Structures are given as C-alpha cells and as structure tokens.
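Because the structure is predicted, anything quoted here is derived from the model rather than measured.
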Amino acid sequence: MPEITLIEGVNLALKEKMAENENVVVLGQDVGLDGGIFRATIGLIEEFGADRVIDTPLAEAGIIGMAVGMAMNGLIPIPEMQFSGFSYTAFHQIENHVARYHWRTRGQIPMPMVIRMPYGAGVRAFELHSESREAYWAHTPGLKVVIPSTPRKARALLRAAIEHPDPVVFYEPKAIYRAFRENVSDEPETMEIGKAEVVREGRHITMIAYGAMMPRTLEAARMLADEGIEAEVIDLMTVSPLDEETIIESVRRTGRALVVHEAPRSFGPAAEIIARLNDKIFFELEAPVARVTGYDMPPPFFAREQWFLPSPTRIADEARETLKL
Amino acid sequence: MAKRAGKSGARATQAKTRAKKSPSATRASARKTSSKPASKGEAKALGAKVTDAKASAKKTPPPGHDHPDPYAHLFADEYHREYEASHEEMLGFYRQMLRIRRFEEKAGQLYGMGLIGGFLHLYIGEEAVAVGFDSAAGPQDRVVTGYRCHGHALIAGCSPKSLMAELTGRAPGLCKGKGGSMHMFAPDHRFYGGHGIVGAPAPLGTGLAFAAKYRGEDAVSLTFFGDGATNQGQVYESFNMAVLWKLPVVYVIENNHYAMGTSVDRASGQKDLHKRGESLGVPGMLVDGMNVFKVRAAAEEAIAYIRSGRGPILVEVKTYRYRGHSMSDPAKYRPREEVQEVRAHHDPIELLKERMLDAGIGEAEIKKIDRAVKQEIDEAADFARHAAEPEPDELYRDVLIEEA
C-alpha cells in the first residue's frame with residue numbers, strides 16, 4: 001500500500017470496518033456528500049450509501065443522543081464532531097449516557113460507539129476550533145480515550161476502537177492530519193487499546209507524549225541527542241486507561257520523566273501521570289517529574305498559537321532542567 | 001414489552017368509536033354548547049379550556065386530495081375517539097393501572113420510612129397514559145422515558161419485586177441497586193429506561209427508531225417525556241431528524257402541567273404543547289390522559305399512523321400527578337383544591353371503575369383484582385426490605401467491559 005497521511009489512515013479504517021460489518025454506520029454534519037469537514041469520510045457515501053453515511057442536521061446533542069439509541073438497538077455508530085470544541089453541546093449525552101449505560105444497566109446494554117473528533121491547535125484557527133480537552137473524557141469513568149500520532153496508528157487504533165466493546169472517544173490530532181506520510185500494511189492492522197509504545201529508546205530521561213505532540217517530542221529528543229542526552233520517548237496512544245506498566249517500566253530505568261501535552265496544565269493528563277509515578281516509584285525517581293503543557297487559558301488566536309503550544313525547544317529545555325537535578 | 005398480560009394491541013389496528021356516549025363525553029359535549037364552564041374547578045382541570053374553545057375545529061384536507069386524509073381526525077384540536085374495550089380488556093386495564101398506583105403508594109411509604117434513597121417521582125394520577133399506550137403497542141415496539149419511570153417499567157413486564165428492590169438499592173434489584181428510581185432498564189422487555197436528565201431521552205428514542213428502520217424491524221419507538229422537557233433544545237433536534245428520515249417514533253408528552261414547581265403557563269410561550277412539532281413537520285394530537293379508553297384509541301391510531309410510514313407523530317396527553325414532583329416537594333405552587341378536584345372528579349382509575357360497573361362487571365370481580373394486586377405489591381415491598389445489599393465489588397463491575 002502506498003504511503004498515506006493520518007487522515008487517510010482514519011478514512012481507510014472507516015472503509016475497512018464498514019465493509020466488514022454492516023452494523024457500522026457513520027453520522028455527523030457533512031460526513032456524506034461533503035466527505036467530512038476535514039475529508040475524513042470522503043468516498044464513504046459513494047461506497048456505502050446514504051443509509052450508512054448519514055448527513056445529519058447541525059445538532060451535536062441530537063447526534064450523540066441518536067447514536068446512543070442506535071447502539072442500544074444493535075448498531076455501531078461512529079458519530080463525528082466537526083471540532084472537539086463543538087462537542088460541548090453534546091457533553092451531557094456523552095457523560096450521562098454514552099459513558100455509563102453499560103454500568104447503569106448492569107451490563108445489559110453495552111455502548112459500542114466511537115466518537116471521532118479532531119482536536120488541538122496549530123492550524124491557525126482559534127479557541128473552539130483548537131481545543132485540547134482530552135482530560136474531560138479521561139476523567140469520565142466508562143469512556144476510553146484514544147489519540148493516534150501517525151497514519152499507521154490512526155488506521156490501526158481506529159479499527160481497534162470500532163471493534164472495541166466500550167465507548168471510545170477518538171481524538172484526532174488535526175494539526176498533523178496531513179503533516180507526513182507513512183507506509184501502512186495491505187493487511188488490516190489493529191493495535192491494542194490501552195497500550196502505550198516506546199517509540200525511541202534512551203537511558204537518561206523518559207519523555208511521554210501523544211497525538212500532535214509526538215513529532216515535537218521526537219524532535220526535542222533529536223536535539224538532546226546532539227548533546228549526548230539519550231531520551232526515551234513513549235507514545236501513550238491511549239490516554240485513558242493509562243498504560244501504567246509501560247510508563248513505570250521505562251521511568252524505573254531512566255529515573256527521570258517529562259510529560260508533554262498541549263492541553264492546559266492544571267488537572268491535565270500530565271498531572272495524573274505524575275501522581276501515579278509518585279505513588280508507585282517515588283523512591284526510584286532521581287528528580288521531580290516535569291511537564292511541558294499548554295497554558296491555563298483558551299487557545300489563543302493564530303498569531304500567538306505557536307507560543308501557546310509546547311515547542312521542541314521548550315521540551316528540550318525542560319528536559320535539560322530535569323537532568324540538572 | 002413482550003411478556004405483559006392482557007395484551008391486545010396486535011389484534012385491533014383501528015380504534016373503534018364508542019357508540020354510546022360515555023359520561024365524560026356527555027360532559028364534554030355539554031361544555032361545547034355552554035358559553036362558560038360548568039364550574040371554576042372544572043375549568044381549571046385538565047385541558048377543559050382547550051376542549052371548550054376548540055372542540056369543534058376541523059382540518060380540511062390539503063388541496064388536490066380527492067379523498068379526505070384518513071388521519072385528519074387525529075389532528076383535530078382534541079382527539080375524541082374512545083376505544084371500545086371488552087370486559088376482559090377493561091379488567092386488564094384496571095389491573096395494570098391499579099398495580100402502578102399501589103406500587104407507587106407503597107414506594108412512597110418505604111421512602112417515608114427511609115428505606116429508599118435518592119429521589120422518588122411517583123406516577124400516581126398518570127396511570128392511564130402508560131397503560132393506554134402500552135396496551136396498544138405490539139410486542140416488538142420499544143419504550144423509553146424520563147425519570148417518572150416506575151409505572152412504565154412495571155407494565156413493560158418487570159416484576160414489582162425487582163423494581164422495588166431497585167428502589168431500596170438491593171442486589172436483586174432490576175439494575176442491582178445501581179440505577180435507582182430514575183435509571184431502570186429492561187431491554188428483555190423492550191424497556192429502555194429510565195433517564196434522569198429532562199429531555200435527554202428524546203434523541204435516544206429517535207436513535208432506537210433509526211436503528212429499527214435500518215435493521216428492517218417493524219418496531220415503533222414510544223418516546224415519553226414531560227411538559228418540562230418540551231423546552232429542551234435537543235427535543236427539537238430529535239423532531240427534525242425524525243421527520244428528515246421518517247423515523248418510526250411516537251413522541252408522547254405526558255403533560256402533567258408542572259415542571260417541578262413551574263406550571264406550563266409560566267414556562268411556555270406556546271402552551272399548546274401538541275403544536276410544538278408543527279414547524280418541524282411533526283403533526284400533533286391532543287388527548288385526555290385521564291381516560292384510558294381515549295389514550296388507548298389515540299395510541300393505537302398514532303402507532304398505525306407510524307406503521308403507515310409517514311414518519312413521527314407527537315401526542316400530547318393531558319394528565320395530572322397527585323403527588324409532588326418528588327417526595328421532597330411540598331407542592332406550594334398549586335392550590336390544594338386543584339389536586340382535590342382532580343382526584344374527586346377526574347381520577348383515571350375511578351373513571352374506569354365506573355365504566356366497568358356500567359358495563360356489568362361485578363364488584364366481586366373488581367375486588368378480586370384489588371386483593372391480588374395488594375398482595376403482589378405487599379410481597380414486593382417485603383422482598384425489597386429484606387433482600388441483601390450489593391457487594392462492594394459490584395460497584396466497579398460493568399464500568400468498562402474490557403478492563404485495562
């Protein structure tokens with residue numbers, strides 16, 4: 001198969017799963033004729049028809065609520081929110097129904113559903129179009145939060161999410177939708193939900209990131225390597241539930257860690273990872289675990305966007321500080 | 001809804017009009033000719049004003065139609081037909097309505113004794129709505145409703161023991177004591193809950209209907225919500241999508257006149273709630289919800305309308321709750337006389353009982369049902385008081401299907 005972009009990976013997984021299982025349906029604003037606001041669903045309506053690729057009215061709460069009813073009656077709906085910042089009007093449907101139906105019904109009604117939403121800054125947009133609020137969903141028991149960082153992972157993780165029995169919030173890093181290409185296998189590939197991956201090995205510090213922060217974190221690791229600092233880099237892939245095992249195994253070896261996300265700093269995923277490291281291996285740490293994050297503010301307009309986002313320089317600087325201790 | 005007793009919805013597809021005018025029909029026609037209401041109390045109660053003012057209005061068929069629209073009468077200002085029930089059916093209605101009432105009364109008692117936690121919203125006074133619709137539905141149809149859900153769950157086929165034990169938070173409860181009053185589910189009985197957030201089940205019922213249509217099922221989704229929910233935006237998002245895709249969903253507004261403590265008059269610009277779907281293309285019916293024969297007939301016709309493939313329909317059923325919004329509601333927002341008036345003159349179970357006696361059903365037969373229902377509910381309460389509480393490890397169970 002030729003090299004594809006991340007968004008083509010999303011599209012490929014949707015096509016594959018729709019062909020495999022007729023209970024899989026895609027719904028959302030402009031997902032059909034228009035092929036999706038970012039073209040994630042392009043070609044689907046031609047291949048699977050308007051009954052399965054459903055152009056909805058502009059109504060996020062109604063779309064997610066409908067999807068809940070569809071899942072209750074045997075379908076696997078994949079609703080798309082055009083931007084993660086638009087999902088707030090559907091928040092209560094996700095929090096009150098999607099996340100807890102299986103629990104509330106004592107296992108009688110599962111909620112197999114993948115809610116896709118592009119997230120993050122870096123596309124010269126503004127606040128509601130640039131939000132990174134994975135902590136909302138990670139904080140909700142009953143949901144899983146999956147964030148791919150490469151085309152191959154987008155395809156393999158989305159396939160896994162669609163096959164997964166629990167509801168998944170699939171957070172797509174729109175800043176790197178078309179940033180680079182990657183070879184994917186001709187055979188359908190699936191990656192396990194709930195597993196992180198060590199994508200670069202090193203012995204001095206563990207840097208943990210996901211989604212659109214991965215290329216920046218890897219770039220920081222290369223900058224550090226020029227100075228003789230060997231950073232290990234972990235791609236979380238699933239933010240919730242956290243793959244504690246992979247993280248702890250790595251930090252135990254390096255003794256130092258740094259967490260990167262573009263979401264606001266306070267109460268973000270980094271805070272949770274730091275808490276777990278302190279709980280589990282506090283006495284094996286050589287230095288306090290650091291974090292490089294977005295600031296506690298709405299994402300700024302495009303002129304100041306890059307100042308808001310963790311840059312490779314900021315990440316490398318913070319790593320050096322940690323290594324001084 | 002597959003296992004309920006006395007089901008007869010599949011048999012009759014067209015409601016029959018009552019040949020003889022019923023006492024209430026007589027009252028209604030008396031109002032029609034009278035320039036002012038019979039009494040202040042009556043005027044206040046249950047849509048009497050609506051009946052007075054608009055009872056004779058008729059819809060003309062759209063131009064170009066040679067034949068009158070067979071469904072035009074549904075959308076006359078108030079639906080008048082009554083279902084002609086056999087003795088057996090009347091006994092079935094009576095039993096189900098009484099089961100709901102006795103269940104709710106008993107639940108209220110247990111709540112007062114501190115045996116039920118959370119909140120408790122009783123369906124007393126509204127029994128004819130659930131029973132009328134349930135009896136008209138087929139075994140394949142589905143029900144979804146809001147937080148005043150015990151009655152719907154009960155007649156969907158859930159055992160009173162499992163429901164009462166759910167209220168007392170015990171392990172054998174319908175949802176193992178994890179759902180409680182507002183969150184009961186029984187997909188085996190085609191009952192899809194029990195939802196705590198007002199208005200939120202509207203899109204769920206719409207999605208159930210979507211999936212039914214997608215899967216080629218001939219199943220209607222009966223989606224109940226209250227007058228308060230009609231001011232929630234997602235209800236209209238649902239209407240729009242249901243019309244767009246001609247989904248088999250009946251939206252039933254259980255209009256008990258009060259959203260907690262705020263009356264429809266004080267909360268709604270358009271107070272005729274059955275008209276709330278018009279601009280989106282959802283036609284609305286208005287039905288007297290205190291008369292089970294009318295509710296049954298209306299439900300049957302609404303469901304037939306849906307099965308004809310015409311898309312969704314909205315049925316506003318005017319009803320009344322005798323108790324407060326929940327157990328902690330002193331109901332200071334309405335005069336005590338109003339409640340007394342409805343109880344004395346419009347009680348759905350009393351009306352049904354009168355009709356049964358008129359029809360020649362003996363007191364003895366009615367008393368037999370009374371005794372059996374009392375025993376069933378007493379046993380449920382005993383069970384719910386003494387059943388074991390859930391084990392602590394039950395709390396984590398089912399949060400996720402695949403644990404990390």
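For B:A209, no part lies under 4.5 angstrom from a heavy atom of chain A. Contacts between A:E244 and chain B at a heavy-atom distance below 4.5 Å are absent for every atom of the residue. For A:Q93, the part lying near chain B is the side chain, with the backbone staying farther off; criterion is any non-hydrogen pair under 4.5 Å. With a 4.5 Å cut-off on non-hydrogen atoms, A:A61 touches chain B through its backbone and its side chain both. Both the backbone and the side chain of B:Y192 have a heavy atom closer than 4.5 Å to some heavy atom of chain A. Within the 4.5 angstrom heavy-atom criterion, atoms from both the backbone and the side chain of B:I401 approach chain A. Residue B:S238: no heavy atom, backbone or side chain, is found under 4.5 Å from chain A. Neither the backbone nor the side chain of A:R100 comes within contact range of chain B; no heavy atom of the residue lies under 4.5 Å from a heavy atom of that chain. When heavy atoms are compared at a cutoff of 4.5 Å, B:L244 approaches chain A solely by way of its side chain, counted from C-beta outward.
The 12-atom threshold is exceeded at CD of A:E47, counting heavy atoms of other residues, nucleotides or ligands nearer than 6.0 Å. Residue A:E46 qualifies as enclosed at atom CD: its count of foreign heavy atoms under 6.0 Å is above 12. Heavy atoms from other residues, nucleotides or ligands lying under 6.0 Å from CZ of B:F119 number 12 at most.
Here the CH2-CE distance, from B:W245 to A:M66, works out to 4.5 Å after rounding to the nearest 0.5 Å. For the atom pair A:Y101 OH and B:H195 NE2, the distance stands at 2.5 Å (nearest 0.5 Å). In this structure, B:Q232 CD and A:H92 NE2 are separated by 6.5 Å, a value rounded to the nearest 0.5 Å.
Without hydrogens or angle criteria, B:Q234 side chain to A:G65 main chain gives no donor-acceptor distance under 3.5 Å. Under the 3.5 Å distance criterion, the side-chain polar atoms of B:R215 are matched with a main-chain donor or acceptor of A:N73.
Residue pairs meeting the salt bridge (Lys or Arg N to Asp or Glu O under 4.0 Å) criterion with at least one partner in residues 237-249 of chain B, sequence neighbours excluded, do not occur; the list is empty. Counting only residues at least two apart or on different chains, the salt bridge (Lys or Arg N to Asp or Glu O under 4.0 Å) pairs with a member in residues 157-169 of chain A are A:E16-A:R159, A:K17-A:E163, A:E20-A:R159, A:K144-A:D166, A:R159-A:E163.
The two residues B:P203 and A:G62 have their closest heavy-atom pair at CB-O, 3.9 Å. Taking every heavy atom of both residues into account, B:C175 and A:Q108 meet most closely at SG-NE2, 4.1 Å. Nearest heavy atoms, B:Y214 versus A:V24: OH-O, 4.4 Å.
Counting heavy-atom pairs closer than 4.5 Å to chain B, the top residue among A:I193, A:L75, A:V25 is A:L75. Contact count versus chain A (heavy atoms, under 4.5 Å) is highest, among B:G179, B:G180, B:A200, for B:A200. In terms of non-hydrogen atom pairs under 4.5 Å with chain B, the most contact-rich of A:N96, A:I109, A:T89 is A:I109.
Scanning for salt bridge (Lys or Arg N to Asp or Glu O under 4.0 Å) contacts around B:K178 gives B:E394, B:D398, with sequence neighbours left out.
Annotation: residues 49-57 of chain A contacts chain B through A:D51, A:R52, A:I54, A:D55, A:T56, A:P57 [non-hydrogen atoms, separation under 4.5 Å].
Evaluated for a side-chain contact (heavy atoms from CB on, under 4.5 Å) with A:R104, the options B:M182, B:H183, B:M184 yield exactly one hit, B:H183.
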